[in-house]
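Residues: numbered from 1 along the sequence shown.
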Amino acid sequence: MTAAFYALKAVGTRARSAAWLARTRGRLDVAGLRILFYHRIADDRDELAVSPASFRRQMAYLAGESYRVVDVVEAVDLLERGALRPRTIGLSFDDGYLDVAEHALPTLAGHGFRATVFVAPGVIDGSAWFDWYKTPPPLLDWDDIAELDQDGTLRFEAHSLTHPNLLTLEDHVARHEIAGSKEELERRLGRAVEAFSYPSGLFGERDRQLVAGAGYRIAVSCEPGVNGPGTDRFALRRRQIDGRDSFLDFRAKLGGGHDSALPLRAAYRRRRYGATALTTP
Ligand SMILES: [Zn+2]
């Protein structure tokens, strides 16, 4: 998609952040579970990249505001046990870019934070690739993934086998993508894989049921909002942090100013993925 779309999105985001600031004077809504997600942490000109400097500032802010930052599975465990304190954030990275280990990991480890990284085994293998890049940035390899998973800061979970649009797939192919990525990742990590991230946040009720049937405990969407005890475990809400976000945007996303999608997103998704490509909330 074009730079014009991202520029427009940034304008919408900024307006919403300003409204949040005026309404709350910057007071964070700290109740419930908000999950933030990123893709890349790099200085590259890439809409999916947040700069290392911005990321450091964002994480330092969470630490300064006494947030507990945990991976997605741990966050949901806390929620289910009724042990979720205010000021808890679930953190995640989609796709498994190498720069997450280079630029995010030291910052996270320094604060004692943990995060989930969702990877697609077929893309890690090189048998599939992300078609939105002309020159894809380097990904973590299997040795990195197995080693990092043991270290305790980053925990790896599944993101389908080849990162397809699940909505376009026949049942048996969708089942293979969803169950196969769990099996393959479990084989590589030697432990149970419990969480699934829908590629590009696109899924329907069929896919939700396939995820539950494959034995996952939870799945994350790209629908923004706050998660509570009653939130569907197979459609957990997450808010993306964008490279164009200002520091105020980050605070507003953290604090409840962006708990619904911008209106233009539905139109964008229809154009990019087709009329049926609407995610369930
Ligand atoms: Zn992805």
Side-chain angles (χ1 to χ4, degrees), residues 13 16-21 23-41 49-94 100-101 103-118 148 151-157 194-195 197 218 220-231 233 236-260:
T13 298
R16 194 175 269 195
S17 299
W20 170 80
L21 184 63
R23 193 170 69 241
T24 64
R25 296 173 194 274
R27 194 157 172 271
L28 302 165
D29 173 9
V30 298
L33 172 65
R34 285 191 177 77
I35 301 173
L36 305 180
F37 76 104
Y38 297 80
H39 291 85
R40 303 186 57 205
I41 305 298
V50 169
S51 76
S54 294
F55 184 75
R56 281 195 296 273
R57 187 175 182 199
Q58 292 165 4
M59 294 303 110
Y61 181 73
L62 291 175
E65 291 288 320
S66 305
Y67 274 89
R68 178 181 191 180
V69 179
V70 296
D71 66 65
V72 172
V73 173
E74 185 177 356
V76 175
D77 281 342
L78 291 167
L79 193 62
E80 285 182 345
R81 298 206 318 264
L84 188 90
R85 295 191 319 235
R87 294 181 187 267
T88 301
I89 288 290
L91 200 63
S92 60
F93 297 85
D94 279 6
V100 170
H103 299 304
L105 177 59
T107 303
L108 296 172
H111 289 299
F113 293 170
R114 288 184 292 283
T116 302
V117 183
F118 290 102
L148 290 169
D151 282 353
T153 297
L154 301 178
R155 207 168 156 84
F156 292 81
E157 303 287 339
E194 299 176 285
S197 169
I218 62 176
V220 293
S221 71
C222 299
E223 301 303 309
V226 61
N227 300 287
T231 305
R233 290 294 177 270
L236 290 162
R237 294 168 175 279
R238 295 192 299 172
R239 172 43 92 181
Q240 181 169 327
I241 305 300
D242 295 315
R244 292 180 189 244
D245 285 350
S246 68
F247 188 57
L248 172 61
D249 293 329
F250 175 77
R251 285 167 52 213
K253 287 182 173 184
L254 177 69
H258 292 265
D259 285 348
S260 59

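Applying the salt bridge (Lys or Arg N to Asp or Glu O under 4.0 Å) test to Asp94 and every residue at least two apart in sequence or in another chain returns Arg238. By the side-chain hydrogen bond (donor to acceptor under 3.5 Å, both in side chains) test, Asp245 pairs with Lys253, sequence neighbours left out.
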**OP:** Using the side-chain contact (heavy atoms from CB on, under 4.5 Å) rule, take Glu194 and Asp77 through it: C-alpha gap first, then chi angles, then the decisive distance, then the call.
**Re:** CA-CA 11 Å; Glu194 299 176 285; Asp77 281 342; 5.9 Å; no
**OP:** Take Phe156 and Thr116 through the test side-chain contact (heavy atoms from CB on, under 4.5 Å) and record every step on the way to the result.
**Re:** CA-CA 6 Å; Phe156 292 81; Thr116 302; over 6 Å; no
**OP:** Could you check Phe113 against Asp71 for side-chain contact (heavy atoms from CB on, under 4.5 Å), going step by step and ending with a plain yes or no?
**Re:** CA-CA 8 Å; Phe113 293 170; Asp71 66 65; over 6 Å; no
Original post:
Do Trp20 and Arg251 pass the side-chain contact (heavy atoms from CB on, under 4.5 Å) test, and can you show the C-alpha distance, the side-chain angles, and the key distance before you say yes or no?
Top reply: CA-CA 10 Å; Trp20 170 80; Arg251 285 167 52 213; 4.3 Å; yes
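Using a 4.5 Å heavy-atom threshold, the side chains of Gln240 and Asp242 count as touching. Residues Arg239 and Leu254 are not in side-chain contact: their nearest non-hydrogen atoms beyond the backbone lie 4.5 Å or more apart. Proximity of Leu236 to Leu33: side-chain heavy atoms (C-beta onward) are nowhere separated by under 4.5 Å. Counting heavy atoms from C-beta outward, Glu157 and Val72 have side chains that stay 4.5 Å or more apart. Between Val100 and Leu105 there is no side-chain heavy-atom pair separated by less than 4.5 Å. Here the side chains of Ser92 and Ile35 are in contact, with some heavy-atom distance below 4.5 Å. Between Arg237 and Ser260 there is no side-chain heavy-atom pair separated by less than 4.5 Å. The closest side-chain heavy-atom distance from Thr153 to Leu148 is not below 4.5 Å.
A salt bridge does not link Arg155 to Glu74: none of the charged side-chain nitrogens sits closer than 4.0 Å to a carboxylate oxygen. Using a 4.0 Å cut-off between charged side-chain N and carboxylate O, Arg244 and Asp249 make no salt bridge.
A donor-acceptor contact shorter than 3.5 Å links the side chain of Arg34 to the backbone of Asp29.
The two atoms that bring Val73 and Ala195 nearest to each other are CG2-CB, 3.9 Å, heavy atoms only. Of all heavy-atom pairs between Ser221 and Glu223, the closest is OG-N, 3.1 Å. The minimum heavy-atom distance between Gly243 and Val50, with the atom names listed, is N-CG2, 3.8 Å.
Within a 6.0 Å radius of CZ in Arg27, other residues, nucleotides and ligands contribute 12 heavy atoms or fewer.
Under the 30°/60° scheme for interplanar angles, the aromatic rings of His39 and Phe37 are found to stand perpendicular.
Atoms CG and CZ, on Asp259 and Arg16 in that order, are 9.0 Å from each other to the nearest 0.5 Å. Leu36 CG to Ile241 CD1: the interatomic distance, rounded to the nearest 0.5 Å, is 4.5 Å. The structure places CG of Leu91 at 6.0 Å from CG of Leu108, a figure rounded to the nearest 0.5 Å.
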Sequence neighbours left out, cut at 3.5 Å: what donor-acceptor pairs do the side chains of residues 52-67 make with other protein atoms?
unit_1, atom_1, unit_2, atom_2, d
Ser54, OG, Ser51, OG, 3.0
Gln58, OE1, Tyr38, OH, 2.6
Glu65, OE1, Arg87, NH1, 3.3

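Ser17 and His258 share a donor-acceptor pair across their side chains, judged by distance under 3.5 Å alone.
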